[in-house]
Number of protein chains: 4
Amino acid sequence: MPRYKRSEGEQIKEEVRRRLLAAAVDEFATRGYPGANINRISRAAGYAQGTIYNYFPSKQALFAAVVGDIAAQHCELVLQGTAGAADPPSRLERLFAAGFAFAEGFPNAVRLIASAMQAPEPEVREVVQHAYEPLRAYVEQEIVRAGCLGKDFCAIDPRLATAVILGVYFGGCAAGEDATRIRRSPHAVASILLEGLKRSR
Amino acid sequence: MPRYKRSEGEQIKEEVRRRLLAAAVDEFATRGYPGANINRISRAAGYAQGTIYNYFPSKQALFAAVVGDIAAQHCELVLQGTAGAADPPSRLERLFAAGFAFAEGFPNAVRLIASAMQAPEPEVREVVQHAYEPLRAYVEQEIVRAGCLGKDFCAIDPRLATAVILGVYFGGCAAGEDATRIRRSPHAVASILLEGLKRSR
Amino acid sequence: MPRYKRSEGEQIKEEVRRRLLAAAVDEFATRGYPGANINRISRAAGYAQGTIYNYFPSKQALFAAVVGDIAAQHCELVLQGTAGAADPPSRLERLFAAGFAFAEGFPNAVRLIASAMQAPEPEVREVVQHAYEPLRAYVEQEIVRAGCLGKDFCAIDPRLATAVILGVYFGGCAAGEDATRIRRSPHAVASILLEGLKRSR
Amino acid sequence: MPRYKRSEGEQIKEEVRRRLLAAAVDEFATRGYPGANINRISRAAGYAQGTIYNYFPSKQALFAAVVGDIAAQHCELVLQGTAGAADPPSRLERLFAAGFAFAEGFPNAVRLIASAMQAPEPEVREVVQHAYEPLRAYVEQEIVRAGCLGKDFCAIDPRLATAVILGVYFGGCAAGEDATRIRRSPHAVASILLEGLKRSR
DNA sequence: TATGAATGAGAGTTCATTCAT
DNA sequence: AATGAATGAACTCTCATTCAT
């Protein structure tokens, strides 16, 4: 017979997992993937060294879970935030508003992502890119391509435009003074890109 | 002994140093700071394990030297490339042209920089930022502030504008498909920013 | 409560124990003592990790039980198989016939024994030797000594002869091609030993 | 500790390697492959933990080197010892004489081999079998097949006969009282096999 | 009695750094 | 100046064992 009632047990497992993930976010954000120490994460979460291996089979898997978790929340929040916007320009506007609000709320999480996107290890980059695919798809389809079709934006290689938008977006998620400045001015930043996309030749 | 004639010993030292730095660029670019292996660098340069410690007192110091070296060349080349440009817009244009040319020529070096700028360790970020201070100063003073004064650009927080420009710039230096796309379209990217800075409210 | 009727609880306990032992045989045979994983055994038997500790107090104890179990069956079967043989030579013959039949039937069990007999840890070897004492006694008393007395075999150190017989016997229980070959030719092997024991000086 | 003089470089490296191998023989013989501890070997040889990795890239490689080393000496000694024997029977006789003399001289080494031959891990067994291939080839070709051709031995499956001979041979190399008894009576053991092979049907 | 999450010692391996040569 | 063997702390991961339920 299970130690706890099934529902209670699962809830507790979920809770432990959450705690481990939270500790992992901090560790990865502070030290990067290769510098992060699995045992330290487990102890920071209040458990013994080995406990984390009851939840994640390896450092890689833990990292992927962390990134996936952040990305899921991040994407959901942003896509939700842009949901009511009728036209591409206002979608872009809201993308930055919602995204940077998330970044202000979870600076560590978002820094981890920004850092991992520039990681030298291709596996790491792939994990992040895969997790953020929904956001990239939204930007390319619903903002850039829709905006070009609807004459909101001038003709421009949509992939290039997407790359620039996401570059600025994740630039605002990074660590440092510049990133903070960007993050705190979602409107201004969106406006620059908007005008740029509208008129650039 | 005349100053302009370095002794043979000094010349050799310089040469060894250069080789070690070159090997270090590849290693750091490929594996990141924590993943890089000092012994491997020394051997890749054609020397024995211990030799590198005759030139750099520690891994940290070697990394700082690598970054400083790249930054010096990078800044010099870019500032040189923008030297003939009379007005801020054309300076911006040439910034991207020259900078991305450098990036195409030395992708490893430039990737290392982009990665280090997002490094989780603040010390690392500081090293890079300090090394790129000349470039940042140029962008802020000679492009953004000059452009605002001369009515090329609309009134905008100059630090924010600088942050955005540099964000896109270093985004083009990173690894990955998106960065490559950006890097190969310096003109289009500059144009987006130019129009954006000209008209955004 | 009548002695011959075990309570249902006891029957169930017995059944669980049997299942755990069976799983343990496979694990120990496949991975050896140090490589075996107690939790994996418990789960392979269809129970949770901790369950096995309700039946065996430690890995050592489990191993001893496994060995004892195999040895008991093995000895019983062999001694039964030789029961009808009137003279020492035919006892030797039947020893190999019955023993190798068991080995063919339970290759994992028998391999485990052969391996444990050569284990580097003296405690392990002692467990096995102790468990196989009945078989050794039979070989020494009823085959070798009886054979020498009855002039079936030449005069030879009975303990040495016993050691050789058992050496070949357990050699046929091991893993590998050679062992299989031996195991499949009980008659030929017995014949070699028989002639050897009859005439060697 | 030992920082060697340059002139003696190679010799000293060889010496260190020998010391590590000797320590490894004891460790593997005492604890078996999975129970052996690499760090303990290095320290038992008088060096720090990591030192052994300057000589052997992994535990597996160290083990293979140990086995190869023992096997080379063992085979050489035995083949040398049988060199002057003109006919198969005397070759068999000398095989046991020389082989068991080696076993008496290096009981740990030989025990390690006997144990590894029965290891549950197939990789381990393969390493040993491969290293002892010369001995097996000699027994099969120069003793068994030659003996059958020359009518020294009766017709018998040569592979089976080889398996039995090697089984007894390595049985005499094992740990334990029985093995010691066998090892100390090379003549009697050879005689048993000889007569057996001569007349068995 | 059965469960399985938690534990923490200990494994193999890596590598920045030292220093005698 | 150059070498590279030696060092040992630190890493990821495993697993026998415990114990609250």
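Order of the sequence lines sets the chain letters (A, B, ...), proteins ahead of strands, with each chain counted from 1.
The distance between atom CD1 of D:I52 and atom C1' of F:dG8, rounded to the nearest whole Å, is 15 Å. C:K13 has its NZ atom 8 Å from the P atom of E:dA2, to the nearest Å. Rounding to whole angstrom units, CZ of residue B:F56 and P of E:dT17 are separated by 13 Å. In this entry the distance linking CG of A:L20 with C1' of E:dA6 reads 11 Å, nearest Å. Between the CD1 atom of D:I12 and the P atom of E:dT21 there is a distance of 9 Å, given to the nearest Å. One can place CG of C:L62 at 13 Å from C1' of F:dT17, the figure rounded to the nearest angstrom. Following rounding to the nearest Å, B:F63 (CZ) and E:dA16 (P) show an atom-to-atom distance of 14 Å. Atom pair C:E27:CD and F:dC15:C1' shows a separation of 12 Å (rounding to whole Å applied).
No salt bridge links A:R18 with A:E14; every basic N to acidic carboxylate O contact stays at or beyond 4.0 Å.
OP1 or OP2 of F:dT7 sits under 4.0 Å from a side-chain N or O of D:T51.
Contacts of C:Y55 with the nucleic acid, taken as non-hydrogen atoms under 4.0 Å apart, involve only primed sugar atoms and P, OP1 or OP2. Counting any heavy atom pair closer than 4.0 Å across all strands shown, A:Y47 reaches sugar-phosphate atoms only and no base atom.
Closest to the D:S58 side chain, of the nucleotides F:dT17, E:dT13, F:dA2, is E:dT13.
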Practice item. Under 3.5 Å for both distances, Watson-Crick or G-U wobble, that's the pair rule; now give the dot-bracket for DNA chain F, with | marking pairs to another strand and [ ] for crossing ones. Key: .||||||||||||||||||||
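If you check distances only, the side chain of B:N54 never reaches the base of F:dA1 with a donor-acceptor pair under 3.5 Å.
Within the 4.5 Å cutoff, side-chain heavy atoms of A:L62 are placed close to those of A:L21. A heavy-atom distance below 4.5 Å is found between the side chains of A:Y132 and A:I70. Side-chain contact check for A:R31 versus A:N37: every heavy-atom pair is 4.5 Å or farther apart.
Evaluation of the side-chain hydrogen bond (donor to acceptor under 3.5 Å, both in side chains) rule for A:Q60 yields no partner, not counting sequence neighbours. A search for side chain to side chain contact (heavy atoms under 4.5 Å, CB included) contacts involving D:A64 returns D:V127, not counting sequence neighbours. With sequence neighbours excluded, the residues forming a ring pair (Phe, Tyr, Trp, His ring centres under 6.0 Å) with B:F106 are B:F102, listed by chain and number.
At a non-hydrogen distance threshold of 4.0 Å, nothing from residues 28-46 of chain C comes into contact with DNA chain E.
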What pairs of donor and acceptor atoms, side-chain ones from residues 107-121 of chain B against any protein atom, are under 3.5 angstrom apart with sequence neighbours left out?
unit_1, atom_1, unit_2, atom_2, d
B:N108, ND2, B:D26, OD1, 3.0
B:S115, OG, A:Q118, O, 3.2

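For the pair D:K13 and D:Y55, the cation sits on the ring face: its NZ or CZ lies under 6.0 Å from the ring centre, inside 45° of the axis.
The residue among B:K59 and D:Q49 whose nearest nucleotide of DNA chain E lies closer to the 5′ end is D:Q49.
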